[in-house]
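The analysis underlying the following values was restricted to heavy atoms, covering all of them including side chains, and did not include hydrogens, waters or symmetry mates. Proteins get letters first, then strands, A, B, ... in listed order; numbering begins at 1 in each.
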Protein chains: 2
Amino acid sequence: MGRSKEFDPDAALRAALELFWRQGYEATSMQDLVDHLGINRGSIYATYGSKHELYLKALDRYCEGQGNVALELLSRPGSALSAVRDFLLGHAAQCHQDEERKGCLVTNSATELLPGDAGAGRRIDTALRDVENALTGALIRAKGQRELDENAQPRSLARFLVTFIQGLHVIAKTQDERRLDDAVDQALTLLR
Amino acid sequence: MGRSKEFDPDAALRAALELFWRQGYEATSMQDLVDHLGINRGSIYATYGSKHELYLKALDRYCEGQGNVALELLSRPGSALSAVRDFLLGHAAQCHQDEERKGCLVTNSATELLPGDAGAGRRIDTALRDVENALTGALIRAKGQRELDENAQPRSLARFLVTFIQGLHVIAKTQDERRLDDAVDQALTLLR
DNA sequence: CAAATTTCTAACTGCTCGTTACGGTAAGCA
DNA sequence: TGCTTACCGTAACGAGCAGTTAGAAATTTG
């Protein structure tokens, strides 16, 4: 059946993700990818198709990872409201820890590629909807646990939070750390 | 003294702004600019220096325009809280009206060019700080008018709102209009 | 072992990039 | 009228771009 792959396609995809995440789509050239993936030009095309397809696959991989973390955190037993708060704080912490200030690939993809890129659009919509759904579920549970006002609207609140988190990832690209902390702090007060 | 300029440098700058806003920095080529500005290649370089300088000048112009609108709205007499609410609703309306879904040039610049571009970084920081200051002022007035809880923290609230607005402009790039409206709606409830 | 199959490598295709230079011409001022 | 300046179209620049192709090398299967 022929020769087997010498490189790990998933490791290479992760390297591509790293590069696209740091530099964006347009600013990343195939030569950049060749240099950083450690495999040959031809192998990249044979394995992933094109630069654009590779980007979408990297975006898929990113969404998968982030989505799992989100769903796991927001579905954990115990106080649902605490889970939501920890979810927010987690995003803030992620922003702080990222010394390269790459932000969030979903956010970056949305601002760079929408509305022109349908493939990216579908993935971004799915990613945002998944987070929104997970948040909505947690907020419904929080409401049931009387942690939330009975007038609270879980779905709308979730949409607010999704939007706010996108804002966090924009601010994360700037240097201003206090703005980020203050913003999260104030958002948390809304959740009562 | 020689021939005087035949084209309107400011009109050309606005055309460049339009293009960068719609397509982003990397995705806009000099050829695109030559085609849309209606002036010659050489005249572009003679007038604006380089593609990057032209971008920064376009960003300056954008910030100037947006900043004036913001400051005027947030400084108007009467209920300061209403002004803040109208400011938020104004951003939402701007998102809805923009059929090209260009979003906000500050937001787009931050996600595409930061942290690598110092010139863009300075301008983005200034723009965000100006809005934050204008919002803080309005919130202080709102607090004085007893429209805001006495425990409210105007500066932190302003930072929260700035961050949230960035999120709005990310969501504006997607198609989902309800998410935007719900998000604004929920954010407004925080301001009470 | 030998044939089949697949990956690997590297040179190569046009093409586009941002930028600069070149005449030729039109307009302001002496 | 001259001098200067700015305009235009065009072309060129070197570099880098995304993507292709041909063949050598390697491994699996019959």
Checklist entry - Of all residues at least two apart in sequence or in a different chain, which pass the side-chain hydrogen bond (donor to acceptor under 3.5 Å, both in side chains) check with A:T28? => result A:Q23

Next on the checklist: Output the rounded distance in Å from CD1 (B:I44) to P (D:dC7).
Outcome noted: 11 Å

Checklist entry - Sequence neighbours excluded, which residues qualify as salt bridge (Lys or Arg N to Asp or Glu O under 4.0 Å) partners of A:R129? => result none

Checklist entry - Taking five pairs at each end, how big is the angle between the two axes of the helix from C:dC1-D:dG30 to C:dA30-D:dT1, to 10°? => result 0°

Next on the checklist: Go nucleotide by nucleotide along DNA chain D from the 5' end; which of A:H52 and B:I39 gets its closest nucleotide reached first?
Outcome noted: B:I39

Next on the checklist: Filter on side-chain hydrogen bond (donor to acceptor under 3.5 Å, both in side chains), then keep only pairs touching residues 113-124 of chain A, sequence neighbours left out; what's left?
Outcome noted: A:H52-A:D117, A:D60-A:R123

Checklist entry - When the distance from CG of A:L54 to C1' of D:dG19 is rounded to whole Å, what number comes out? => result 14 Å

Next on the checklist: Using a strict threshold of under 4.0 Å (side-chain N to carboxylate O), is an ion pair present between A:R22 and A:E18?
Outcome noted: yes

N/O to N/O distances under 3.5 Å, protein versus nucleotides 11-18 of chain D:
unit_1, atom_1, unit_2, atom_2, d
D:dC17, OP1, A:S29, OG, 3.0
D:dA18, OP1, A:M30, N, 3.1
D:dA18, OP1, A:K51, NZ, 3.2
D:dA18, OP2, A:M30, N, 2.6
D:dA18, N7, A:R41, NH2, 3.3

Next on the checklist: Could you work out, with side-chain hydrogen bond (donor to acceptor under 3.5 Å, both in side chains) as the rule, every residue matching B:D86, not counting sequence neighbours?
Outcome noted: B:R76

Listing, residues 64-72 of chain B side-chain donor-acceptor contacts under 3.5 Å, not counting sequence neighbours, or none:
unit_1, atom_1, unit_2, atom_2, d
B:N68, ND2, B:E64, O, 3.4

Checklist entry - A:E147: what forms a side-chain contact (heavy atoms from CB on, under 4.5 Å) with it, not counting sequence neighbours? => result A:S79, A:A80, A:L81, A:A142, A:Q145

Next on the checklist: Any side-chain N or O of B:N40 below 4.0 angstrom from OP1/OP2 of D:dG9?
Outcome noted: yes

Item to check | Spacing of B:D8 atom CG relative to D:dA6 atom P, expressed in whole Å | outcome: 16 Å

Checklist outcome for this item: Sorted by chain and residue number, the ring pair (Phe, Tyr, Trp, His ring centres under 6.0 Å) partners of A:F164 (sequence neighbours excluded) come out as B:F160

